[in-house]
There are 2 protein chains.
Amino acid sequence: MRRVLEVALEQLAAHGFERLSVPEVAALAGLNKTSVYRRWPTKADLVREALAASMGHTAEALDSGDLRADLLALARTAVVFVESPSGLAVLRTLLAEGANPEVKGLAAAMLHQQGIIGPALVFARAIARGELAQDTDVTLVLTTLAGAIMHRILIEQTPVTEHFLTALIDMVLFGVKRR
Amino acid sequence: MRRVLEVALEQLAAHGFERLSVPEVAALAGLNKTSVYRRWPTKADLVREALAASMGHTAEALDSGDLRADLLALARTAVVFVESPSGLAVLRTLLAEGANPEVKGLAAAMLHQQGIIGPALVFARAIARGELAQDTDVTLVLTTLAGAIMHRILIEQTPVTEHFLTALIDMVLFGVKRR
DNA sequence: CTATAATGCAACCAAGAGTTGCTTTAAGGA
DNA sequence: TCCTTAAAGCAACTCTTGGTTGCATTATAG
């Protein structure tokens with residue numbers, strides 16, 4: 001039974017939500033499709049549970065007293081998530097099927113649960129600490145960091161190295177700190 | 001007949017390649033599906049022609065003598081493309097259906113034709129001019145700029161304002177120029 | 001006015017998602 | 001060991017949808 005969720009996740013990552021076929025998942029898991037339909041009446045139910053089962057650990061908030069260190073740690077956990085099957089699945093789905101509301105809520109909830117919120121706190125503290133200017137455009141920085149990482153993973157399809165991460169964060173931090 | 005291509009493009013942008021239905025496109029265009037199937041035997045044929053018909057104008061290389069100005073101009077034309085129906089369609093499709101080879105070649109060709117190459121030249125000239133250090137990590141900068149813009153459009157689904165563009169480029173350029 | 005090409009149309013086929021009713025298997029308790 | 005019950009299997013069916021085909025209709029041009 002656990003096998004079904006694994007297969008569903010694989011299929012989701014491989015083909016996206018739309019092309020995912022419940023009967024096929026059942027077949028690949030060695031089950032009869034009726035068994036699967038019995039437990040998960042809709043495709044969304046199945047996918048939801050598969051995604052939920054694949055995470056469990058949320059990123060805890062960090063506070064090392066240094067923005068760079070906090071960001072690096074945050075980025076590392078984010079990358080681990082985004083490079084994981086479920087992370088890839090969520091992102092791909094969110095990007096591709098941004099229209100489909102059924103999917104959109106599902107994926108967005110996932111991203112939130114996964115602590116894509118943490119960063120806001122980290123920046124707030126950096127500003128309170130005086131490390132960043134009061135009027136820092138936090139949104140811009142977040143967009144930039146997240147965008148670069150996703151571009152690297154989804155489009156260039158290149159693994160995110162530690163070197164890339166430090167270079168990226170150093171560049172952006174340098175750019176944002178003195179303006 | 002031209003109407004079919006327009007509708008196909010809309011549908012592609014709205015639902016992605018996989019969910020695009022030829023019969024539905026025909027209906028929306030006020031044609032009988034047989035007429036459409038006659039001219040474009042496969043979905044890929046239809047989409048290919050729809051995309052091809054929607055572009056035509058490629059970004060010409062820029063050389064204002066100032067990296068910031070060149071980048072801004074380049075980014076603006078890139079944004080125009082990415083925010084256009086065909087651009088959105090290509091990107092969404094490329095991201096979502098990166099697996100599907102049929103689609104992959106189609107989308108990749110489009111991106112290339114659209115001059116996502118230009119930036120390399122611009123940076124080469126900036127380095128030759130001495131505006132950037134010899135060992136500048138051009139790839140990182142490109143990844144960052146492209147990623148931020150795509151994140152903004154595809155995930156945040158917020159239009160790219162002039163203000164966002166200048167803030168982004170200023171931040172990144174500042175970060176990369178002195179290190 | 002007629003020949004030819006383009007379009008419409010209705011019927012059909014095939015595949016795949018999801019449903020249903022019933023049978024079989026498994027497991028646990030008396 | 002047998003009986004009860006829950007879970008899984010299975011086959012048949014429905015319904016939707018993509019795609020095909022043969023033929024009728026319209027239009028265009030020589």
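A note on names: the letters A, B, ... follow the listed sequences, proteins ahead of strands, and every chain is numbered from 1.
The shortest non-hydrogen separation linking Tyr37(B) to Pro23(B) is OH-CD, 3.5 Å. Nearest heavy-atom pair across Ala75(A) and Ile149(A) is CB-CD1, 4.3 Å. Heavy atoms only, all atoms of each residue included: Glu18(B) and Lys43(B) are closest at O-NZ, 3.1 Å.
Look at NE2 on His15(A): it is 12 Å from P on dA17(C), rounded to the nearest Å. A straight line from CZ of Arg39(B) to P of dA5(C) spans 14 Å, rounded to a whole angstrom. For the pair Lys33(B) NZ and dC9(C) P, the interatomic distance rounds to 13 Å; values are reported in whole Å. In this structure, Asp45(A) atom CG and dG18(C) atom C1' are separated by 14 Å, rounded to whole Å. Between the CZ atom of Phe17(A) and the P atom of dA17(C) there is a distance of 13 Å, given to the nearest Å. Nucleotide dG18(C) holds its C1' atom 12 Å from the NZ atom of Lys43(A), rounded to whole Å.
Listed by first and then second residue, the salt bridge (Lys or Arg N to Asp or Glu O under 4.0 Å) pairs involving residues 2-12 of chain B are Arg3(B)-Glu6(B) (not counting sequence neighbours).
Remark: side-chain polar atoms of Glu83(B) are paired, donor with acceptor, to backbone N or O of Val160(B) under 3.5 angstrom. Listed for the Arg152(B) side chain is no donor-acceptor partner under 3.5 Å among the backbone atoms of Gln157(B).
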Self-check item: Pair Ser35(A)-Asn32(A), side chain to side chain donor-acceptor pair (under 3.5 Å): steps then yes or no
Solution: CA-CA 6 Å; Ser35(A) 304; Asn32(A) 193 287; 5.3 Å; no

Practice problem: For salt bridge (charged side-chain N to carboxylate O under 4.0 Å, His left out), just list the numbers for Glu131(B) and Lys177(B), CA-CA rounded to whole Å, side-chain angles, deciding distance to a tenth of an Å, and then say yes or no. | Solution: CA-CA 8 Å; Glu131(B) 199 175 344; Lys177(B) 274 191 180 172; 3.5 Å; yes

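In summary, contact between chain A and DNA chain D, defined as any nucleotide atom under 4.0 Å from a heavy atom of the protein, begins and ends at dA8(D) to dA11(D) in the 5' to 3' direction.
With contacts defined as side-chain heavy-atom distances shorter than 4.5 Å, the pair Val22(B)/Trp40(B) does not qualify.
Of the residues in residues 22-32 of chain B, those with a non-hydrogen atom less than 4.0 angstrom from any atom of DNA chain C are Gly30(B), Leu31(B), Asn32(B).
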Look for any protein N or O under 3.5 Å of an N or O in nucleotides 21-28 of chain C and output each such pair with its distance, or none.
none

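Applying the side-chain contact (heavy atoms from CB on, under 4.5 Å) rule to Glu162(A) yields the partners Leu72(A), Arg76(A), Thr166(A); only residues at least two apart in sequence or on another chain are considered. Evaluation of the salt bridge (charged side-chain N to carboxylate O under 4.0 Å, His left out) rule for Arg39(B) yields no partner, not counting sequence neighbours.
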